[in-house]
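In what follows, chains are A, B, ... by sequence order, proteins preceding strands, each numbered from 1.
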2 protein chains.
Amino acid sequence: MAQKDTARSILDAAEELFSERGFAETSLRNITTKADVNLAAVNYHFGSKKSLIQAVFARFLNPFVAELDKVLSRYERELEGRPADLMMLLRLLSDTALSSAADKPQRLNIFMRLLGLAYSQGQGHLRRFLRLEYGHVFLRYSDLLTQSTPELSDEDRFWRVHFMLGATMFTLNGVDSLTAMAEHDLGKPAVTADVINHLLPFLASGLQSSIRG
Amino acid sequence: MAQKDTARSILDAAEELFSERGFAETSLRNITTKADVNLAAVNYHFGSKKSLIQAVFARFLNPFVAELDKVLSRYERELEGRPADLMMLLRLLSDTALSSAADKPQRLNIFMRLLGLAYSQGQGHLRRFLRLEYGHVFLRYSDLLTQSTPELSDEDRFWRVHFMLGATMFTLNGVDSLTAMAEHDLGKPAVTADVINHLLPFLASGLQSSIRG
DNA sequence: TGGCGTTTTAAACGTATGTTTGAAACACTT
DNA sequence: AAGTGTTTCAAACATACGTTTAAAACGCCA
């Protein structure tokens with residue numbers, strides 16, 4: 001019990017602090033103080049700060065990616081060779097993400113902030129770790145996206161998929177500030193699921209745009 | 001001459017290093033070494049590291065915002081009361097951005113990376129500085145956007161404008177990696193202007209989406 | 001209960017950071 | 001050329017960091 005509790009406390013504290021202040025700006029002393037464990041515990045249980053960062057991601061992504069893998073397999077079976085439907089693909093992904101943090105909705109927001117940080121702070125080791133560990137699922141999803149948009153040129157699809165990724169990352173990365181702004185500007189509270197309900201039509205329309213520049 | 005040269009060298013070096021490694025990860029010693037000036041020069045000329053960061057943004061944003069202000073005034077005059085056109089508004093913004101770094105295209109990419117960092121790294125002081133200093137121009141642009149999309153509900157427009165911002169920030173933030181990937185995947189080199197030509201139709205279609213979730 | 005591997009602890013290590021200092025070098029007016 | 005305000009410089013300062021250490025405390029099986 002001792003080992004699990006200490007390691008878990010550290011992961012909990014690190015997850016929250018990293019998402020609030022970034023990786024470089026969060027010290028091991030911040031983390032161990034919040035977790036109420038000894039400073040040396042991080043190096044004892046995780047080896048280094050870098051490994052701790054990776055462990056934070058792995059704890060969230062391992063179950064998520066496993067579940068997404070299952071969901072995609074089930075959907076491919078249902079399709080029986082027919083091409084995938086775009087809105088359905090987007091729904092599969094967002095539902096999987098939402099349900100992977102269903103017990104504590106705040107955790108999805110926290111994790112999306114971490115993912116955003118991973119791509120904006122240096123953390124080259126993190127990007128390498130993520131691609132190595134989870135790259136295959138995203139390649140698989142990308143193939144299904146291609147099936148669902150046969151009318152697009154490879155070039156248009158390439159760019160627009162990255163635009164979708166950007167809108168999604170940016171939005172979910174700052175979903176807490178955005179929902180707060182929404183409540184202030186529109187007088188209407190919103191949760192992550194509401195934001196996603198607005199987001200998906202935007203993404204689908206953008207991907208399938210027929211406006212010529 | 002001495003003062004200007006030293007301060008300029010520092011700003012040049014800081015701009016580049018910050019965009020490559022982030023703010024916390026770039027030390028004053030990194031900067032002053034690259035700029036080939038004495039370590040104490042930063043504190044002498046700028047007062048502190050925070051003020052240096054703000055100065056880097058001000059150097060780029062002051063001329064950009066001044067130019068955008070002029071461009072918007074000219075466009076409003078041309079409209080003579082008619083509602084603004086969406087694609088035209090997007091073009092005005094992107095053209096102004098592109099031309100504000102026309103002499104050295106790489107500077108726009110560098111600056112967009114900095115802007116992304118400003119919103120993902122802690123740097124609360126920076127966000128406050130940016131809103132205080134340049135908020136009025138973005139409010140003005142936002143009003144024109146509203147004119148150009150009268151068919152949208154305030155709620156849809158609110159969310160979709162932020163999705164657009166996200167797609168844009170993410171894309172231009174990583175435009176160097178993206179163009180490299182594009183060349184690898186599509187066998188077709190691309191520059192920032194090409195990326196924007198793909199981006200604008202995506203944004204316009206997303207904003208005007210009529211897909212129901 | 002005694003012994004042993006695991007975990008926790010307080011303290012220290014070496015290094016890097018932002019900032020300050022006071023003297024030296026410089027530019028420019030009188 | 002002397003004097004004055006500005007800028008540069010090498011050095012030091014205080015602080016914070018990630019990591020290591022060696023002893024103490026703990027958990028558990030014999």
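With sequence neighbours excluded, the residues satisfying ring pair (Phe, Tyr, Trp, His ring centres under 6.0 Å) with Phe57(A) are Phe111(A). Contacts of Asp154(A) classified as side chain to side chain contact (heavy atoms under 4.5 Å, CB included), with partners at least two apart in sequence or in another chain: Arg157(A), Leu186(B). By the side chain to side chain contact (heavy atoms under 4.5 Å, CB included) test, Glu133(B) is found to be paired with Phe129(B), residues two or more places apart in sequence or in another chain being considered. In terms of the side-chain hydrogen bond (donor to acceptor under 3.5 Å, both in side chains) criterion, residue partners of Arg107(A) (sequence neighbours excluded) are, by chain and number, Glu15(A).
One side chain, Ser27(B) or Asn30(B), offers a donor N or O that lies under 3.5 Å from an acceptor on the other.
We find that CG of Asp5(A) is positioned 12 Å from P of dG27(D), with the value rounded to whole Å. Rounded to an integer number of Å, the gap from CD1 of Ile31(B) to P of dG18(C) is 8 Å. Rounded to an integer number of Å, the gap from CD1 of Ile53(B) to C1' of dT19(C) is 15 Å. Taking atom CG on Asn38(B) and atom C1' on dC26(C), their separation rounds to 15 Å, with Å as the unit. If you take OH of Tyr44(B) and P of dC9(D), they are 13 Å apart, rounded to a whole angstrom.
Residue pairs that meet the salt bridge (charged side-chain N to carboxylate O under 4.0 Å, His left out) test with at least one member in residues 169-191 of chain A, sequence neighbours left out, are Lys188(A)-Glu155(B).
Applying the 4.0 Å criterion to OP1 and OP2 of dT6(D), one finds that His45(B) has every side-chain N and O outside that range.
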Report all interatomic pairs (protein N or O, nucleotide N or O of nucleotides 17-19 of chain D) with separations under 3.5 Å.
| residue | atom | partner | partner atom | Å |
| --- | --- | --- | --- | --- |
| dC17(D) | OP1 | Ser27(A) | OG | 3.4 |
| dG18(D) | OP1 | Lys49(A) | NZ | 2.7 |
| dG18(D) | OP2 | Leu28(A) | N | 2.8 |
| dG18(D) | N7 | Arg29(A) | NH1 | 2.8 |
| dG18(D) | O6 | Arg29(A) | NH2 | 2.9 |
| dT19(D) | OP2 | Asn43(A) | OD1 | 3.2 |
| dT19(D) | OP2 | Lys49(A) | N | 3.0 |

